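Working notes, beginning with the structure itself.
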There are 2 protein chains.
Amino acid sequence: MQVSLQALKAFEAAARRGSFKLAADELSLTPTAISHHISNLEGRLNVNLFHRQGRRIALTKAGIRLAEATSDGFRKIENSLEELVAVGSKVRVTTTSSLAAMILIPSQNEFEQINPGISVEISTGESIDNQSYTIPIRFGDATAIEASDIIKSESFNVFGASGMKPPSWSNEPVTLFTTEWKNKTLPDSPLEAWLTINGLEGSNIKLKKFDQELFGIQQAMAENVLVFCSTTLTKRLLEANLLQQFGTQPVKSDLCYYVPNKRSFETRSAVRFLDWVEGLLSP
Amino acid sequence: MQVSLQALKAFEAAARRGSFKLAADELSLTPTAISHHISNLEGRLNVNLFHRQGRRIALTKAGIRLAEATSDGFRKIENSLEELVAVGSKVRVTTTSSLAAMILIPSQNEFEQINPGISVEISTGESIDNQSYTIPIRFGDATAIEASDIIKSESFNVFGASGMKPPSWSNEPVTLFTTEWKNKTLPDSPLEAWLTINGLEGSNIKLKKFDQELFGIQQAMAENVLVFCSTTLTKRLLEANLLQQFGTQPVKSDLCYYVPNKRSFETRSAVRFLDWVEGLLSP
DNA sequence: TTTATAGATGATTTTAACTCATCTATACTA
DNA sequence: TAGTATAGATGAGTTAAAATCATCTATAAA
């Protein structure tokens, strides 16, 4: 096409505003630039687009036609751009209650301060809005998931509130909170393996099961009871000295946090956010 | 808008062709230019538009969305431009049979040779196609028409084939062809005024009336008879020595050729054609 | 009439766009 | 499984398009 797009943009603005000066203001140009663009356009098309009566201008019939097409065309493009800019400056994450409440939400502010211009929106539950461009961080079976999608493989250990005395596994019965996933297809939390590793198979343990790790951890802290749970979720609480470990060895599990098709997230904000979350969760 | 339209054009082509190189060929640019444009775009939008796997590229979800919008938008604009270019390179004229046959069609070729790139289409009759952008050259009452719309005011005179002897008005009866317009609202052809001016009021004249000047002129030439008609239509035939005058004075009339809203024709081809027609008809 | 404003026009300057040279990764070929 | 050709990325340098400035004209408002 032998005409310049900028000339068309100038024309579109001038046609819409009915004035070269107003068009110039809108596009942050001088009226001279608009005038040059339009006369260039008219020359190339061999068609007058404006009637000029001294300082007054009015669209010709041909100008009206072209103005309709350019307005529609540019509006379509601009709408799409605005949408993309909005998408590019916002990260929407949906994940489990536990990861959201114990890791993401407490760290959200830090991320936003390091990355001005990116706002983060965290939601939990059954994908509240099914909009695209929302990053799901799911909890699942690492053996069934593409390795490149995994953000963090889960290890488990026993934790207690920071003031607690170390438990004596051999003597009295010990109350231990643990989690039984609502989703039965998930691997169980690896309590047996943990007991084996730590030589505690025969201990007298009274289990209480929660369906989300979050609740078990909070309840354990409130009641001064032990909880068997993810090392990921407890990382912050350990660092803040609200939880403690008791010299036991953590045990690896087949559970993990992952993002389906992680590489397909194309906004740079999303990539940056995911990199940051991986850093947050790595030891 | 903070992104360049040229970058969007480059993106649109690359998205449509699925290759920077092909896009570059299409836009007569180097692949480097496309690459720069697209990475500029991605940077400004904070969104990746293509997945790159080495030398293979594929649109991201965001890229697909933007590609749809840009393709639609640019196509809309380009269609309109093509239409305007077509309109700008063609002049369509509709006029009376007489003007068409005796002036415009014989001169059409000359105009097209002086103005390469402009093609002329001449039609007669009741506006064969009511399309816009067709210039009507009408025959009408000069007293009822905007002065600026008039192309040529009509004068009338008596003509005969070039071999004829001058008529002797006073002696024998003279046969004279003349025109009676089908359209009764038009002023009559000014035969009375012409006789007065030339001092021939009492002559013995046998009138034969045609409803188009063209027919009267052609018939008069064929039968070696005099015809009272427009000086405009006979101009070419006089110059070609196919018709002659006999020393009589022409008489002005209220008839004229005109173009309704002449100034509203905005293609430069149309303006040039009308200027040329005026030149053609001026003495 | 005077003044202020919008636009046209031509020369000059600035900036954005394009290319060139170089490099990397991948696909094709032998 | 090198060897070659091709697509694209990257940074520096060049060019051409686009913007401005200065000047001028026509019109609307005061």
Side-chain angles (χ1 to χ4, degrees), chain A residues 1-60 63 67 70 74 81 148 263 266 268 271, chain B residues 1-60 63 67 70 74 81 148 263 266 268 271:
Chain A
M1 186 59 54
Q2 69 275 34
V3 306
S4 114
L5 286 165
Q6 324 211 40
L8 287 169
K9 196 80 195 61
F11 165 74
E12 191 275 331
R16 181 161 35 74
R17 309 294 300 268
S19 149
F20 289 10
K21 183 180 187 313
L22 293 180
D25 292 345
E26 180 175 313
L27 300 176
S28 306
L29 295 175
T30 56
T32 306
I34 308 292
S35 174
H36 279 304
H37 270 312
I38 287 173
S39 69
N40 174 290
L41 210 48
E42 291 178 319
R44 287 177 193 267
L45 296 175
N46 257 305
V47 169
N48 292 344
L49 299 169
F50 287 98
H51 292 296
R52 277 99 163 161
Q53 305 136 51
R55 62 190 267 191
R56 181 142 293 177
I57 58 166
L59 282 169
T60 61
T70 50
F74 285 130
L81 283 175
S148 60
R263 291 191 319 181
E266 48 257 345
R268 299 182 174 198
V271 171
Chain B
M1 186 60 52
Q2 70 275 34
V3 306
S4 116
L5 286 165
Q6 326 212 39
L8 287 169
K9 195 81 193 62
F11 166 74
E12 191 275 333
R16 181 162 35 73
R17 310 294 299 269
S19 149
F20 290 10
K21 183 178 188 314
L22 294 180
D25 291 346
E26 180 174 314
L27 300 176
S28 305
L29 294 175
T30 55
T32 307
I34 309 293
S35 175
H36 279 304
H37 270 313
I38 288 175
S39 67
N40 174 291
L41 210 49
E42 291 179 320
R44 287 177 193 269
L45 297 175
N46 257 306
V47 169
N48 291 344
L49 299 170
F50 287 99
H51 290 297
R52 278 100 162 162
Q53 305 135 50
R55 61 190 270 191
R56 183 142 291 176
I57 57 166
L59 282 169
T60 61
T70 50
F74 285 130
L81 284 175
S148 61
R263 292 190 318 179
E266 49 257 343
R268 300 185 172 194
V271 171

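Everything numeric here is computed off the predicted structure, so don't read it as measured data. Residue numbering restarts at 1 for every chain, and letters A, B, ... go by the order of the sequence lines.
- At least one side-chain heavy atom of B/L81 sits under 4.5 Å from a side-chain heavy atom of A/L8.
- Listed here is the closest heavy atom pair of B/A10 and B/L27: CA-CD1, 3.8 Å.
- Counting to the nearest Å, the C1' atom of D/dG8 and the NE2 atom of B/H51 are 17 Å from each other.
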Step-by-step side-chain contact (heavy atoms from CB on, under 4.5 Å) determination, A/K21 to A/D25: CA-CA 6 Å; A/K21 183 180 187 313; A/D25 292 345; 3.4 Å; yes

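- Residues from residues 11-21 of chain B placing a heavy atom under 4.0 Å of any atom in DNA chain D, listed by number, are B/S19, B/F20, B/K21.
- In the helix from C/dT1-D/dA30 to C/dA30-D/dT1, the rotation axis of the first five pairs and that of the last five pairs differ in direction by 40°, rounded to 10 degrees.
- The side-chain contact (heavy atoms from CB on, under 4.5 Å) search around B/I57 returns B/F20, B/F50, B/R52, not counting sequence neighbours.
- Put simply, CZ on B/F50 is 15 Å from P on D/dA7, counting in whole angstrom units.
- Shown here for B/T70 and B/A67, the closest heavy-atom pair between the two residues is OG1-O, 3.1 Å.
- At whole-Å resolution of the value, CD1 in B/I57 and C1' in C/dA27 are 15 Å apart.
- The minimum heavy-atom distance linking B/A14 with B/I34 is given by the pair CB-CG2, 4.2 Å.
- When every heavy atom of B/A7 is checked against every heavy atom of B/L41, the shortest pair comes out as O-CD2, 3.9 Å.
- Residues satisfying the side-chain hydrogen bond (donor to acceptor under 3.5 Å, both in side chains) criterion with B/N48, sequence neighbours excluded, are A/R268.
- Shortest non-hydrogen contact noted between B/A24 and B/T30 is CB-C, 3.5 Å.
- Atoms CD1 (A/I38) and P (C/dT9) sit 13 Å apart, rounded to a whole Å.
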Protein proximity profile, nucleotides 17-30 of chain D - base contact B, sugar-phosphate-only contact S, no contact -, cut-off 4.0 Å on heavy atoms: -SSBBB---SBS--

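- With sequence neighbours excluded, the residues forming a side-chain hydrogen bond (donor to acceptor under 3.5 Å, both in side chains) with A/E26 are A/R16, A/R17, listed by chain and number.
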